[in-house]
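Worksheet: one structure, shown below.
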2 protein chains.
Amino acid sequence: MTPTRGYHHGDLRRALLDAAVEVIGESGPAALSLRDLARRAGVSHAAPAHHFRDKAGLLTALAVQGFDLLADRLRRAGDDLLEAGVAYVDFAVRHRAHFEVMFRPDLYRADDPEVRAASTRAGDVLRERVAGLSARDGGPGDPGRDSLAAWSIVHGFATLWLAGALPDRLGGDPREAARVVIRRLFE
Amino acid sequence: MTPTRGYHHGDLRRALLDAAVEVIGESGPAALSLRDLARRAGVSHAAPAHHFRDKAGLLTALAVQGFDLLADRLRRAGDDLLEAGVAYVDFAVRHRAHFEVMFRPDLYRADDPEVRAASTRAGDVLRERVAGLSARDGGPGDPGRDSLAAWSIVHGFATLWLAGALPDRLGGDPREAARVVIRRLFE
DNA sequence: AGCGGCATCTTGTCAATGGCAAGATATGCT
DNA sequence: AGCATATCTTGCCATTGACAAGATGCCGCT
């Protein structure tokens, strides 16, 4: 299982996932075609089925990858809830394709055990950060409510940013804009 | 232009939009098929094209309808920002199909003048409510930032609710759960 | 009343897609 | 070396979106 060049034709699974990320990032999940991915990878149109069964299978794998990436990003953002929030938005923008799939459960098998596990892992990190904050400032707040509010505001901001719904005056740096908005939670 | 029964075969445009709302509400926008809508309406597979040109055209019409519905709902929620927020979430849940399309610009022609106009109308109502709040409590806050924060938190909550990402303990009433979360902005 | 114009809908067709079945080919294990 | 298996290919079918050309019913105009 060497990472790059392989045996038969290359390591297809990764190549297909990478191509999917590229396509979705450019044109959205609706534009995704298994046959197109196969062409990009230089294999026949039925090859993807052996790795992912069907389209939903491929998107399920993408979702797992996405939740794991997100958990990693959140962890590396440190203990500060504000920075974790900024990292959440940053993740959504930099890994747009993953993010767009992750929260569209009608596109993949959301009940897949791998997805559930990965999604739980990411959720745990988020809750951890919120709990950390509540502890630090002598937090009165119900941590359930606080994490919901925090999650909602960063998720909403990220979604609206990706949808292109936000006004232009915010400029081109989502991290900076997100920081300002999230801080509103702490005042 | 009588509302119901019509002339040639019925008033198709409305029938198709209604059927689209039903399908999307049940299975998401990915499951939408023009031919299926035509079958449901009892017309031939090419009939929809005359009203909407293509799939994107139909979804564009749905988005316009959605933004107008949302503006209406927000207006009827009154001046209170908290209630407007609850109404936003309530709209997303009750008009799930519209909501899911509205914020997925890759599915329709987001640059369509009608969409832009309708979306602006809805945005104006939201900003109005935020401005009203700032004025009332001697608001120090930058209204730009406040409306962004308010929009983000309600949009995020609604999106997560629809995605089924929120924990079960919230129960089945999104309005109540949303009210608790939104209040977090005012403390 | 009759006629022409037009919006509405239908039939026919094509390329592209997802998914399935059956076969070919390389890989690794024994 | 030989066999089992994962990997990939070729061939096929139903469905879909989109287009073209024709049929059908409604309207206003003379």
Integer-rounded Å distance: [N] [atom2] and [X] [atom1]:
X	N	atom1	atom2	answer
A:L34	D:dT9	CG	C1'	16 Å
A:H50	C:dA22	NE2	P	13 Å
A:D54	C:dA21	CG	P	13 Å
A:L12	D:dT9	CG	P	8 Å
A:L32	D:dT16	CG	P	19 Å
B:F52	D:dC19	CZ	P	16 Å
B:L59	D:dG17	CG	P	11 Å
B:D36	D:dA14	CG	C1'	15 Å

Donor-acceptor pair present, A:R53 side chain and C:dG19 base, under 3.5 Å: no
Between B:H51 and C:dA7, does any side-chain N or O lie under 4.0 Å from OP1 or OP2? no
Look at the side-chain N and O atoms of B:R39 and state whether any lies under 4.0 Å from the OP1 or OP2 oxygen of D:dT16. yes
With side chains defined as the heavy atoms from C-beta onward, is the minimum distance between A:V115 and A:R109 less than 4.5 Å? no
Would A:D72 and A:R76 count as a salt bridge (charged side-chain N to carboxylate O under 4.0 Å, His left out) if you check the C-alpha gap in whole Å, the side-chain angles of each, and the deciding distance to 0.1 Å? CA-CA 6 Å; A:D72 190 52; A:R76 284 199 288 175; 3.4 Å; yes
Nearest to the B:A46 side chain among D:dA20, C:dT13, C:dG19, which nucleotide is it? D:dA20
Select from B:S33 and A:H45 the residue whose nearest nucleotide in DNA chain D is closer to the 5' end of that strand. A:H45
Does CD belonging to A:E114 count more than 12 external heavy atoms closer than 6.0 Å? no
Do B:D124 and B:R121 meet the salt-bridge criterion of a basic N to acidic O distance under 4.0 Å? no
